[in-house]
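Scroll down for the structure; my scribbles are underneath it.
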Amino acid sequence: MAAASCQNPFKISANLVEGSRFLHPKPEFSAVNFLPNVDFSRLGFYRSLTCKEYGGHVHCSSNTDGSVNEEVLTPILDMIDNPMHLKNLSLKELKQLADDIRTELSIMSKTNKSFRPSLSVVELTVAIHHVFHAPVDKILWDMEDQTYPHKLLTGRRALLNKSGQVDGLSSDACRNEYDQFGAGHGCSSISSGLGMAVARDIKGKRDRIVSVISNETTMAGQVYEAMSNAGYLDSNMVVILNDRHHSSNPKLDQAPRASINAVSSTLSKLQSSQFFRKFREVAKVLTKRIGRGMHEWAAKIDEYARGMVGPSGSTLFEELGLYYIGPVDGHNIEDLLCVLNEVASLDSMGPVLVHVVTKEEYADDQMSKVSEEYIKGPFTIETGPIRARPLTYSDHFAKALITESEIDEDIVVVHAGMGMESPFQQLKDKLRDRFFDVGMAEQHAVTFSAGLSCGGLKPFCIIPASFLQRAYDQVVHDVDRQKIPVRFVLTSAGLVGSEGATHSGAFDITFMSCLPNMIVMAPSDEIELARMVSTAVDIEDRPVCFRYPRGAITTLDPSLHLREPIEVGKGRLLLEGKDIALLGYGSMVQNCLRAHAVLSNMGIDVSVADARFCKPLDIKLVRMLCKNHKFLITVEEGSVGGFGAHVAQFISLDGLLDAGIKWRPITLPDNYIEGAQPKDQLAAAGLTGNHIAATALNLLGRTRDALLLMC
């Protein structure tokens, strides 16, 4: 191997290596002249050399020694701006496109874990867009985490690289030309797809509806309600079940997988063929004409035969009224294209379910491959993890609950939601048969917890704050109305960074604190969290809930655990001043302390209090703050109608507003805050320490100082 170097008077050099896979045997270069006053030290080059013959770009980055790194190429993906560009690709090019997408997502997954589930649906997504004609045909997804290959193929590649910015990718995820219905927590794509199919039929249109669901979402009842209704209405639509064989039930994980082999592939193609479908319809007509129970007898034979050749449980979909096809290898583009082309060509055949089997471990294998081949050098926060994971609130909660469970054997845990944090896995290993993970079955989790409580146990129902929205009716009627002591632990409360509005826990303070019998509290740090765990254990006459945010703990002593329950409805005064009072709820107490530091440097004497409880409110603490200060600011990381509303209700009825106290609430704004870095989200919401301090300055009449503080 030989190398050549050229250099000009401005110290710009090019290093060409013989045998480079990026260079044509006879490359042609164009020269670029730079002005002498250009600051080269701040000049960066990205995707700067276009390779038209190969349809891609050379990714360049300079090293300290002046050499140039050649990074990963994605030549086919670089040519795709919309799904129409897939139509003329050969099978070989489609496979290369799938490799390009997987490479792109694998590298992005190093800094954003939500890309990983998408790695299992790469070939499926390529096949769907090759066969169907989006946006005329409607393609609906059940889970946002699996939509990223779809976004790459529909002109949103640039947004994927900006997903850490406010109003970046997530704001585009709700509804647009290629996403007629937004993907959220799951379970919605069949219901919404059926609605679109019926609307299409009424309007006399001929577009096709494709709903992609995951086996994780099949644990929720809405999926079966929608399938049953689809079978009854008999509207044409395609449901694709992406079976990753991923379940929260270990017995299901250990069950035999649907067999994918030459026989199953042939049977799937036969089931989807026009000839077989038409033969089946003709047979139905003939048996109905013959009469004498012949139709019912033939239907039973058909069901029995299809149940014999299909995987376990396949007849369930037939019973619901969907024509079952599968299983199909979800990583074999040729088989996917064959089946989907046949399905797309069928008219007036009712709802069809295509069972696609993909590999959960495929993502991990690909991650390892990319790590070995492409990722060089140190891996920092900007480029990926280099150090051990910092301790989080969930770590400390799990530790506190384990401590309590060693004292009280009646403590049990019910976990619901999408996936499981590693601290809860440790909790599961410790509690064993006293830990129940029900997956995405939040409604069941709530009522199941109520039943455990009625049986004499002390259930802690752990659900992400945004997922509890799906089970609110059960919270109201099955728990609160009956005053059953269920202990709700709401994780990922408030803003959640890159996962945006889909997983943001913005509304739980409001919808839990309006319930007559519910105790609602929130810790300001991990020590308070441990104390609230102890408090919840001791409450046996009514339900209780507490929330905590996603992210690292605030203090440096995570080992400290106090078995010291808090008096219900008792807040605390942290710092006492005389000019203005800041009353924080939950994690926002920390930002109130930051605002105190800013204001103290400006000569303002500030009181800071930790409310602890939203309901019952510490009315003595609120009354004291109002009588000793002219200004009161309440701060919470929740929507309008939450903690601040309860304070306003009390001070208005107590006559404190008439006495002259000036009150200002700081809450999340009345809009959805999309994915971004946590600090950027807090800034967009106006909840940083500086924003709180600026609000205080405005109240004090120091508007100019407030403006300067925000500059």
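Small disclaimer: the values here were computed from a predicted structure and weren't measured.
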Salt bridge (Lys or Arg N to Asp or Glu O under 4.0 Å) assessment of K458 paired with E404:
CA-CA 11 Å; K458 296 182 178 180; E404 294 290 341; over 6 Å; no

Looking at K430 and E406, does any basic side-chain N land under 4.0 Å from a carboxylate oxygen?
yes

Given side chain to side chain donor-acceptor pair (under 3.5 Å), test S524 with R572 step by step and report yes or no.
CA-CA 11 Å; S524 57; R572 58 176 180 161; 3.0 Å; yes

Fit a plane to each ring of H415 and F424, take the angle between them on a 0 to 90° scale, and name the class: parallel (under 30°), tilted (30 to 60°) or perpendicular (over 60°).
tilted

Any donor and acceptor pair, going by atom type alone, linking the side chain of S453 with main-chain N or O of A450 inside 3.5 Å?
no

Rounded to the nearest 0.5 Å, what separates atom CZ in R702 from atom CG in L707?
12.5 Å

Mind running side chain to side chain donor-acceptor pair (under 3.5 Å) on E421 and S394 for me, showing each step along the way?
CA-CA 8 Å; E421 297 180 50; S394 290; 2.8 Å; yes

Any donor-acceptor N or O pair under 3.5 Å, side chains W141, S189:
no

Short side-chain donor-acceptor distance under 3.5 Å, E144 and T502
yes

R434 (side chain) donor-acceptor with E409 (main chain) under 3.5 angstrom
yes

Between D395 and T392: side-chain donor-acceptor atoms closer than 3.5 Å:
yes

Can the ring centres of H503 and F467 be said to be less than 6.0 Å apart?
yes

Flag, side chain of E216 to backbone of G439, donor-acceptor distance under 3.5 Å:
no

Atom pair CD (Q443) and CD (Q222), whose distance is rounded to the nearest 0.5 Å
9.0 Å

Establish, from distance only, whether the side-chain atoms of E564 and S534 form a donor-acceptor pair under 3.5 Å.
no

pair R487-C545: side-chain heavy atoms closer than 4.5 Å
no

Give, for atom CD1 of I519 and atom OG1 of T535, the distance between the pair rounded to the nearest 0.5 Å.
9.5 Å

How far does OG1 of T695 sit from CE of M710, to the nearest 0.5 angstrom?
8.5 Å

Report yes if the side chains of R612 and D618 come closer than 4.5 Å at any heavy-atom pair, otherwise no.
no

Between D654 and R623, does at least one N-O distance fall below 4.0 Å, as a salt bridge requires?
yes

With L583, the side chain to side chain contact (heavy atoms under 4.5 Å, CB included) member among L621, V635, I633:
L621

For the atom pair CG (L668) and CE (M588), what is the distance rounded to the nearest 0.5 Å?
8.5 Å

Is there a donor-acceptor contact under 3.5 Å linking the side chains of H629 and S607?
yes

Using side chain to side chain contact (heavy atoms under 4.5 Å, CB included) as the criterion, point out the one residue from V486, T447, L468 that pairs with Q474.
T447

Which distance, rounded to the nearest 0.5 Å, do you find between the CD of E637 and the CD1 of I666?
12.5 Å

Could you check whether D179 pairs with R156 (Lys NZ or Arg NE/NH1/NH2 to Asp/Glu carboxylate O, under 4.0 Å)?
yes

Would you indicate whether the side-chain heavy atoms of D541 and K483 approach each other to under 4.5 Å?
no

F488 side chain reached by V475 side chain, heavy atoms, under 4.5 Å:
yes

Please report the C-alpha distance between V537 and D408 in whole Å, then the side-chain angles of each, then the deciding distance to 0.1 Å, and finally whether the side chain to side chain contact (heavy atoms under 4.5 Å, CB included) criterion is met.
CA-CA 9 Å; V537 171; D408 192 336; 4.1 Å; yes

By the definition side chain to side chain contact (heavy atoms under 4.5 Å, CB included), identify the one residue from S587, P549, S504, P678 that meets it with L495.
S504

Check for a donor-acceptor pair, side chain of Q469 on one end and backbone N or O of S466 on the other, with a separation under 3.5 Å.
yes

With distance as the sole criterion, is a donor-acceptor pair present between the side chains of D142 and S214 under 3.5 Å?
no

Taking atom types as modelled and ignoring hydrogens, do the side chains of Y393 and T491 form a donor-acceptor contact shorter than 3.5 angstrom?
no

Please work out whether the ring planes of Y672 and F507 are parallel, tilted or perpendicular, with thresholds of 30° and 60°.
perpendicular

Just by distance, do the side chain of K615 and the backbone of L515 share a donor-acceptor pair under 3.5 Å?
yes

More than 12 heavy atoms from other groups under 6.0 Å of CG on D670:
no

So, S600 side chain and H596 main chain: donor-acceptor pair closer than 3.5 Å or not?
yes

Closer than 3.5 angstrom, by distance alone: can the side chain of R481 be matched with the main-chain N or O of N517 as a donor-acceptor pair?
no

Side-chain donor-acceptor pair under 3.5 Å between T667 and E636, yes or no?
no

Please examine the side chains of V568 and F613, heavy atoms only from C-beta on, and report whether any two atoms are closer than 4.5 Å.
yes

